[in-house]
There are 2 protein chains.
Amino acid sequence: MANSLNLTIDRSSPVPLYHQVVQGIQDAITSGELEPGHKLENEIDLAAALNLSRPTMRKAMDELVRAGLLVRKRGVGTQVVSSQVRRPLELSSLFDDLTAQGSKPTTDILTFSHVEADAEICTKLGLAAGAKVYHFTRLRKVAGKPLALMENWVRNDIVDIDEAGLSQQGLYSILRKGGVNFRLATQSIGAAIATELQAKLLETTPGAALVTMERTAVDDTGRLVETGRHVYRADQYTFEMTLVQR
Amino acid sequence: MANSLNLTIDRSSPVPLYHQVVQGIQDAITSGELEPGHKLENEIDLAAALNLSRPTMRKAMDELVRAGLLVRKRGVGTQVVSSQVRRPLELSSLFDDLTAQGSKPTTDILTFSHVEADAEICTKLGLAAGAKVYHFTRLRKVAGKPLALMENWVRNDIVDIDEAGLSQQGLYSILRKGGVNFRLATQSIGAAIATELQAKLLETTPGAALVTMERTAVDDTGRLVETGRHVYRADQYTFEMTLVQR
DNA sequence: GTCAAATGTTTGTACTGACAATACTACATG
DNA sequence: CATGTAGTATTGTCAGTACAAACATTTGAC
């Protein structure tokens with residue numbers, strides 16, 4: 001045990017050294033090279049083996065601890081946490097998640113308008129009364145089967161949005177291309193019963209269980225860019241996440 | 001703007017300096033002293049003003065960025081994020097969350113046994129076939145109204161659990177007192193329809209919406225300590241969280 | 001007047017060095 | 001045999017410094 005991690009660090013690469021270490025260890029864990037419970041060498045030796053300083057090594061391990069892949073204990077050492085491929089819930093769009101999984105999602109635009117925001121939306125997006133927003137509802141399908149019904153409001157002073165673009169790609173992708181750098185989002189997950197309309201669109205029965213999600217996203221300048229209410233078919237979608245103790 | 005944070009640092013305190021800064025800024029934000037959108041002084045000046053080194057100051061701000069309270073941009077500066085005070089979803093028990101809110105939750109023990117784990121539970125807890133576990137179901141009420149129905153399995157080689165203790169305090173509290181230091185958990189949130197039995201216990205109607213949650217928790221030695229399936233009344237409970245872009 | 005280059009500000013990354021706090025082990029002591 | 005104590009290993013915290021990269025603004029050229 002405690003063999004020196006088969007890693008190579010490229011100092012001429014633009015990707016930060018600590019991030020190269022994060023990637024390397026992550027790969028070693030997912031590939032099974034580092035088994036659950038395996039004890040790593042101590043920080044100082046690891047750093048020396050890779051010709052890095054201890055703070056850099058530590059920063060890398062910090063990230064992995066936060067991501068839930070490693071567990072540290074003072075005076076003892078660092079261990080690979082027990083198994084199962086688990087991705088922490090990150091700030092990403094459903095569209096991106098699905099394509100990353102290899103699915104080919106499609107989007108039906110149900111409604112699309114450019115209107116004055118009502119009081120509730122103004123509050124949620126931190127806008128002055130009377131400001132205009134994009135408002136649209138979409139139906140997301142995978143392999144022809146409906147998965148989610150999404151209603152969103154987006155402020156209109158950042159990116160121009162049109163119906164054609166929305167049907168081709170995810171909302172977040174459009175916003176990112178428009179120069180929006182998302183930083184964080186607050187979301188709330190709950191449950192509800194399908195109404196007749198929802199059931200019809202999602203091709204299920206009224207009274208079926210739905211997962212509900214409300215989200216408001218903030219960009220790197222602190223603007224509240226987007227807010228939305230989504231519902232998912234409970235038999236086809238759950239939110240997976242990893243919680244880390246601070 | 002950019003007035004120097006009204007903070008005092010106690011160097012003789014056992015609490016780390018960076019954490020004192022985190023607390024201080026957090027308090028300033030929640031108290032409204034630092035308004036959303038407010039731009040902070042730069043790291044170097046802030047550090048100097050508090051007689052701290054820049055790495056220490058940075059570490060404090062890092063935490064706040066991860067917690068979703070601050071937003072940073074290279075070449076520009078650091079801002080207080082404009083948002084409602086919402087704490088990120090942390091690894092905590094329902095019981096603790098409720099008491100922290102000022103509620104006084106009660107627990108009814110519905111079943112309690114000490115049995116051989118079946119194959120599924122063995123897998124989830126990483127146990128050898130035939131290992132014994134505690135298995136119990138509880139009904140959690142707040143102000144006399146039922147909120148959650150919880151079924152849990154706990155490995156039995158760490159802490160002794162009895163029915164009396166469970167009815168008095170939360171599971172996590174018991175485990176912590178038994179020397180378990182939780183580090184992370186994976187959980188999955190979805191939705192379902194109340195069965196007749198569930199409806200009866202939760203004092204709602206069959207077919208009502210329920211939020212479902214499955215969780216497996218890991219301690220600081222990498223042991224899979226506990227796994228459980230919970231259902232909550234959707235009209236009384238949602239999961240709130242903050243997602244931070246890495 | 002418009003576009004490009006230079007400049008300054010601020011955060012991002014990285015290194016070195018030092019000491020403190022905690023956990024485990026082995027040993028001595030009663 | 002039990003118990004406390006010292007020593008060792010490992011992570012946790014903190015200081016100080018240097019340079020790189022991204023961004024915003026000003027300056028300069030055409």
Side-chain angles (χ1 to χ4, degrees), chain A residues 1-2 4 9-23 25 38-66 70-81 179-181 183 219-223 245-246, chain B residues 1-2 4 9-23 38-66 70-81 179-181 183 219-222 245-246:
Chain A
M1 93 156 163
S4 359
I9 300 297
D10 177 7
R11 298 192 87 92
S12 67
S13 157
V15 15
L17 302 183
Y18 74 90
H19 198 254
Q20 292 185 36
V21 177
V22 169
Q23 291 281 359
I25 297 181
H38 180 99
K39 191 176 163 192
L40 268 62
E41 281 183 88
N42 70 61
E43 296 174 352
I44 300 179
D45 291 350
L46 274 178
L50 296 173
N51 270 312
L52 296 172
S53 70
R54 189 182 160 211
T56 303
M57 193 66 211
R58 233 183 113 65
K59 173 151 190 173
M61 297 177 77
D62 255 6
E63 300 251 335
L64 291 163
V65 167
R66 282 176 200 275
L70 297 181
V71 159
R72 274 191 301 207
K73 211 170 175 185
R74 187 189 289 196
V76 181
T78 307
Q79 265 188 316
V80 177
V81 82
V180 176
N181 300 305
R183 271 305 132 87
D219 78 352
D220 57 1
T221 62
R223 286 181 301 198
Q245 181 81 346
R246 295 178 176 272
Chain B
M1 94 142 81
S4 10
I9 300 297
D10 177 6
R11 297 192 85 93
S12 66
S13 157
V15 16
L17 302 183
Y18 74 89
H19 199 254
Q20 291 185 37
V21 177
V22 170
Q23 291 281 0
H38 180 99
K39 191 177 163 194
L40 267 61
E41 282 184 86
N42 69 61
E43 296 174 352
I44 300 179
D45 290 352
L46 274 178
L50 295 173
N51 271 310
L52 296 172
S53 71
R54 189 183 160 209
T56 303
M57 194 66 212
R58 235 184 111 66
K59 172 149 191 176
M61 296 177 77
D62 255 7
E63 301 251 334
L64 291 163
V65 167
R66 283 177 201 274
L70 297 180
V71 159
R72 273 190 302 208
K73 208 169 178 185
R74 190 190 288 196
V76 181
T78 306
Q79 268 187 312
V80 177
V81 79
V180 176
N181 299 306
R183 270 306 130 89
D219 77 353
D220 57 0
T221 62
Q245 181 82 346
R246 295 179 177 271

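Letters go in sequence order (proteins before strands), and every chain restarts at 1.
- Proximity of B:K59 to the phosphate of D:dT13: a side-chain N or O atom is located under 4.0 Å from OP1 or OP2.
- Side-chain N/O atoms of B:R58 include none lying less than 4.0 angstrom from OP1 or OP2 on C:dT11.
- Rounded to a whole Å, the CG atom of B:D62 is 15 Å from the C1' atom of D:dC14.
- Of the candidate nucleotides C:dG12, D:dT10, D:dC14, C:dG12 has the atom nearest to the side chain of B:R72.
- Spacing between atom CG of A:N51 and atom C1' of C:dT16 amounts to 14 Å, rounded to whole angstrom units.
- The minimum heavy-atom distance between A:N51 and A:R11, with the atom names listed, is O-NH1, 3.2 Å.
- Protein atom CG of B:D219 is 15 Å distant from nucleotide atom C1' of C:dA23, rounded to whole Å.
- The CG-P distance, from B:N181 to D:dG12, rounds to 13 Å in whole Å.
- Remark on DNA chain C: of its neighbouring residues A:S53 and A:V76, the 5'-side contact belongs to A:S53, judged by nearest-heavy-atom nucleotide.
- For the side chain to side chain contact (heavy atoms under 4.5 Å, CB included) with B:R72, the lone residue among B:L40, B:T78, B:L64 that qualifies is B:T78.
- Minimum heavy-atom separation, A:V22 to A:A60: CG2-O, 3.5 Å.
- Contact annotation: B:R11 does not reach the phosphate of D:dT13 (side-chain N/O to OP1 or OP2, under 4.0 Å).
- Side-chain atoms of A:R54 stay outside donor-acceptor range of the base of C:dG17, with no qualifying N/O pair under 3.5 Å.
- Distance, B:K73 NZ to D:dA21 C1': 14 Å, rounded to whole Å.
- Counting to the nearest Å, the C1' atom of D:dC23 and the CG atom of B:N42 are 14 Å from each other.
- Between C:dT13 and A:Y18, a contact under 4.0 Å exists linking OP1 or OP2 to a side-chain N or O.
- Along DNA chain C, the nucleotide closest to B:G75 and the one closest to A:L52 are compared, and the more 5′ of them pairs with B:G75.
- Spacing between atom NE2 of B:H19 and atom P of C:dA20 amounts to 22 Å, rounded to whole angstrom units.
- In terms of position along DNA chain D, the nucleotide closest to A:T78 lies nearer the 5' end than the nucleotide closest to the other residue of the pair A:T78 and A:P55.
- Using modelled atom types, no side-chain atom of B:E43 and backbone atom of B:R54 make a donor-acceptor pair closer than 3.5 Å.
- The side chain of B:T56 contributes an N or O atom lying less than 4.0 Å from OP1 or OP2 of D:dA15.
- Counting non-hydrogen atoms under 4.0 angstrom, B:P16 reaches the backbone sugars and phosphates but no base.
- Taking atom CG of B:D10 as the reference point, atom P of D:dC14 lies 12 Å away to the nearest angstrom.
- The existence of a salt bridge linking A:R66 and B:E63 is confirmed by a sub-4.0 Å separation between a basic side-chain nitrogen and an acidic carboxylate oxygen.
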